[in-house]
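A short write-up of the structure that comes next.
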Amino acid sequence: MITPKTVALKFLEQRRQDRESILSTEIISPEAVWWSNGVEGKVTRSGTKLFAHQAASYLHTSLTYKVDERFELLDVITDGKEKVVMELVVTADGPLGPAGNIYKAHTVIIYTIRNGEIVELREHNDNMSVIEFIGEELVREEAKFNSGFPNIDSITQT
């Protein structure tokens, strides 16, 4: 039986195995949104954007800078209806920032899943870990790249 929890776990497994698959997975609604905490324009991928836009920005960073990312699942909580909350430790390394920097941060992701598809993903990250890993200059460059994708709030206001 497909439950919201199995859908969220499938998405995590896809990210673990093939990060590029997040752009073409059948478990993401075409209208899905992805929110990430932070000040828009100052922190990479902050704000609410269409899922495809956030995924493209995520892939741009990880593929351009050859970031090797790992996910350790600590806990999964579900309301039994449509919400799934995951607590993860995300660890990454790659040729970014000062030599030997390792990114390690606790992350909480809240999924809303309807009819077997993710319709919303809310990602709560430790943004200081990102800044320490890749440096402030690269964070600004990535935020600028991401600002090319409109924030959902600005789409709905027009």
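Taking 4.5 Å as the limit, every side-chain heavy atom of F51 sits out of range of all side-chain heavy atoms of H53. Side-chain contact between R114 and E120: absent, with no pair of heavy atoms (C-beta onward) separated by less than 4.5 Å.
I113 and P4 make their closest contact through CD1-O, 3.1 Å (heavy atoms, listed as atom of the first residue, atom of the second, distance).
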Next item on the list: Could you walk me through whether Y111 and M86 pass the side-chain contact (heavy atoms from CB on, under 4.5 Å) test, one step at a time?
Entry: CA-CA 8 Å; Y111 298 90; M86 284 187 183; 3.8 Å; yes
Next item on the list: May I have the step-by-step check of side-chain contact (heavy atoms from CB on, under 4.5 Å) for T112 and K83, ending in yes or no?
Entry: CA-CA 5 Å; T112 303; K83 297 284 187 186; 2.7 Å; yes
Next item on the list: Give the C-alpha distance, both sets of side-chain angles, the deciding distance and a yes or no for side-chain contact (heavy atoms from CB on, under 4.5 Å) between Q54 and S36.
Entry: CA-CA 9 Å; Q54 289 286 52; S36 191; 4.1 Å; yes
Next item on the list: Could you give me the CA-CA distance, side-chain angles and deciding distance for V90 and K104, then say whether side-chain contact (heavy atoms from CB on, under 4.5 Å) is met?
Entry: CA-CA 6 Å; V90 181; K104 186 172 185 176; over 6 Å; no
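In the hydrophobic clustering of ILVMFWY residues, with side-chain heavy atoms under 4.5 Å counting as a link, I27 and L121 come out together. Residues I109 and L73 fall within the same hydrophobic cluster, defined by Ile, Leu, Val, Met, Phe, Trp and Tyr side chains chained together at heavy-atom separations under 4.5 Å.
Every residue meeting the side-chain contact (heavy atoms from CB on, under 4.5 Å) condition with T78, not counting sequence neighbours, appears here in chain and number order: V84.
To the nearest 0.5 Å, the span separating NE2 on H106 from CD on E72 amounts to 7.5 Å. How far NZ of K5 is from CG of D79: 12.5 Å, rounded to the nearest 0.5 Å. In this structure, the separation between CD on E87 and CD1 on I77 is 8.0 Å, given to the nearest 0.5 Å.
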Please set out all donor-acceptor pairs under 3.5 angstrom arising from side-chain atoms of residues 7-14, sequence neighbours excluded.
residue, atom, partner, partner atom, Å
K10, NZ, E26, OE2, 2.5
E13, OE1, R16, NH1, 3.4
E13, OE2, Q17, NE2, 2.8
Q14, OE1, T25, OG1, 2.9
Q14, NE2, T25, OG1, 3.3

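Residues E123 and W34 bring a donor and an acceptor atom of their side chains to less than 3.5 Å of each other.
Side-chain contacts under 4.5 Å among hydrophobic residues (ILVMFWY), followed directly or transitively, place L74 together with V89.
Side-chain N or O atoms of N125 include none that pairs as donor or acceptor with a backbone N or O of T107 at under 3.5 Å.
Atom CG of D75 is surrounded by more than 12 heavy atoms from other residues, nucleotides or ligands within 6.0 Å.
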